[in-house]
Student: 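Dumping the structure here so I can ask a few things about it.
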Amino acid sequence: MKWIYSLLLGYLLGSLSPSALLAKVKKVNLKAEGTKNLGASNTMLVLGKVYGALVMVFDIAKGYAASKIAKVLFPGLAVASLLAGLGAVIGHVFPFYLKFKGGKGLAAFGGMVMAYNPWYFVALLCFGLILMVIANCSYVMPMSAAALFPILVLLQSGNILFTLLALAASVLIVIKHWSNIEKGRSGKDLHIRNFIKGLFTRKSK
């Protein structure tokens, strides 16, 4: 039962959507504007960098909190932290009260990685940012993080179950960002250099 409780705890925390709340307050339909996604990036595009940053911090925090809380509540369950982290990613992507249509899960995934190993989070973030700038495409960050995290977990732990849980979260990230690859091939993906430039030249809404 502890497995189920850990996963459910993560799911419930992960399903909390600050972007949906902001959209309601601001009377904006994020699912119809920008990238049409309930996440930090689209919140930043539609509502401005301040709101986008707040959403990003919250979404990372819920993945992190879910992992840490599960570890404290179920100290005898070695996989509790990764289970809750996986649940947080699933909840972010499929929140039950939003008809299972949420964000793409990257920030919650980041919180999961941070809870597992903060240095992995820093390394994957820096590596992903460098790749994004070089490739000028947004999808390389989630794809690189999703590819590398299970490998890092396997190398550190040597535990197949840990690795499978990390892989499950990574697969979900890849699936949700696959459309970005298609956009990249057609030249419709977000040009990251222009996006970064716009953050410093555009006034916050």
Side-chain angles (χ1 to χ4, degrees), residues 1-23 30 37-43 51-125 128 141-142 145-154 156-157 159-177:
M1 289 300 290
K2 291 180 180 179
W3 283 60
I4 297 175
Y5 292 151
S6 294
L7 194 63
L8 183 60
L9 169 67
Y11 177 81
L12 292 176
L13 286 175
S15 67
L16 298 176
S17 178
S19 56
L21 177 61
L22 279 172
L30 291 176
N37 173 56
L38 284 176
S41 296
N42 197 34
T43 302
Y51 289 120
L54 289 173
V55 169
M56 182 177 296
V57 169
F58 187 97
D59 286 344
I60 291 174
K62 67 188 183 184
Y64 180 86
S67 298
K68 289 298 186 180
I69 292 172
K71 188 174 182 179
V72 172
L73 291 179
F74 311 112
L77 183 62
V79 295
S81 180
L82 283 171
L83 269 173
L86 172 60
V89 176
I90 296 172
H92 183 99
V93 176
F94 304 112
F96 66 93
Y97 62 96
L98 293 173
K99 299 180 180 179
F100 300 98
K101 295 179 180 179
K104 294 188 176 182
L106 183 59
F109 179 79
M112 175 186 182
V113 174
M114 183 185 291
Y116 184 80
N117 188 317
W119 290 111
Y120 287 176
F121 174 82
V122 173
L124 293 179
L125 177 62
M141 173 179 276
L148 292 173
F149 182 52
I151 296 174
L152 292 173
V153 171
L154 178 61
Q156 178 181 337
S157 68
N159 188 302
I160 297 301
L161 184 54
F162 282 17
T163 305
L164 288 175
L165 291 173
L167 182 61
S170 294
V171 168
L172 184 53
I173 294 299
V174 170
I175 292 173
K176 291 302 295 182
H177 287 83

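Both backbone and side-chain heavy atoms feed into the values below; hydrogens, waters and symmetry mates do not.
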Student: As an exercise, state the distance from CG of Leu38 to NZ of Lys101, rounded to the nearest 0.5 Å.
Tutor: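 Answer rounded to 0.5 Å: 11.0 Å.
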
Student: Show every side-chain hydrogen bond (donor to acceptor under 3.5 Å, both in side chains) that has at least one partner inside residues 106-124, sequence neighbours left out.
Tutor: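 The answer is Asn117-Gln156, Tyr120-Gln156.
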
Student: State the CG-CG distance between Leu22 and Leu30, to the nearest 0.5 angstrom.
Tutor: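 Answer rounded to 0.5 Å: 8.0 Å.
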
Student: Decide side-chain contact (heavy atoms from CB on, under 4.5 Å) for Val122 and Met114; before the verdict, give the C-alpha distance in whole Å, the side-chain angles of both, and the deciding distance to 0.1 Å.
Tutor: CA-CA 8 Å; Val122 173; Met114 183 185 291; over 6 Å; no

Student: Between Leu98 and Ser17, what is the shortest heavy-atom contact and its length?
Tutor: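 Closest heavy-atom pair between Leu98 and Ser17: CD1-CB, 4.0 Å.
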
Student: Between Lys62 and Gly14, what is the shortest heavy-atom contact and its length?
Tutor: NZ-O, 2.8 Å

Student: Ignoring hydrogens and geometry, is there a side-chain-to-backbone donor-acceptor pair from Asn42 to Asn37 under 3.5 Å?
Tutor: yes

Student: Heavy atoms only: give me the nearest Lys71-Ser81 pair and the separation to one decimal.
Tutor: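 Distance-wise, the nearest heavy atoms are CB-CB, 4.3 Å.
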
Student: At what distance, to the nearest 0.5 angstrom, does CG of Leu152 lie from OG of Ser157?
Tutor: 10.5 Å

Student: Within this structure, what is the OH-CG distance for the pair Tyr11 and Leu16, rounded to the nearest 0.5 Å?
Tutor: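 With rounding to 0.5 Å, OH (Tyr11) is 10.5 Å from CG (Leu16).
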
Student: Can you name the closest pair of heavy atoms from Gly39 and Ser19 and give their distance?
Tutor: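 The pair with the smallest heavy-atom distance is N-OG, 3.8 Å.
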
Student: For the pair Lys104 and Ile173, evaluate side-chain contact (heavy atoms from CB on, under 4.5 Å) and give the outcome as yes or no after the intermediate values.
Tutor: CA-CA 7 Å; Lys104 294 188 176 182; Ile173 294 299; over 6 Å; no

Student: How long is the span from the CG atom in Leu161 to the CG atom in Leu83, to the nearest 0.5 Å?
Tutor: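 So the CG of Leu161 and the CG of Leu83 are separated by 7.5 Å.
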
Student: Using the rule given for side-chain contact (heavy atoms from CB on, under 4.5 Å), can you reason through Leu86 versus Leu82, listing the C-alpha separation, both sets of side-chain angles and the distance that settles it, and then say yes or no?
Tutor: CA-CA 6 Å; Leu86 172 60; Leu82 283 171; over 6 Å; no

Student: With a 4.5 Å limit on heavy-atom distance, are the side chains of Leu124 and Met141 in contact?
Tutor: no

Student: Val79 and Trp3: which non-hydrogen atoms are nearest, and at how many Å?
Tutor: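 For Val79 versus Trp3, the nearest heavy atoms are CG2-CZ2, 3.9 Å.
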
Student: Run the numbers on Ile69 and Leu13 for side-chain contact (heavy atoms from CB on, under 4.5 Å), then give the verdict.
Tutor: CA-CA 10 Å; Ile69 292 172; Leu13 286 175; 4.2 Å; yes

Student: For Ala66 versus Gly10, what's the shortest heavy-atom pair and its separation?
Tutor: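 Looking at all heavy atoms of both residues, the shortest contact is CB-CA, 3.8 Å.
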
Student: If only atom types and distance count, is the side chain of Ser15 paired as donor or acceptor with the main-chain N or O of Pro95 below 3.5 Å?
Tutor: no

Student: Which pairs count as ring pair (Phe, Tyr, Trp, His ring centres under 6.0 Å) when at least one residue sits in residues 75-112, sequence neighbours excluded?
Tutor: Phe109-Phe149

Student: Does Phe58 have more than 12 heavy atoms from other residues, nucleotides or ligands lying within 6.0 Å of its CZ?
Tutor: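 Atom CZ in Phe58 is packed in, count exceeds 12.
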
Student: If you round to the nearest 0.5 Å, how far is CD1 of Ile160 from CG of Leu165?
Tutor: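 The CD1 atom of Ile160 is 11.5 Å from CG of Leu165, to the nearest 0.5 Å.
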
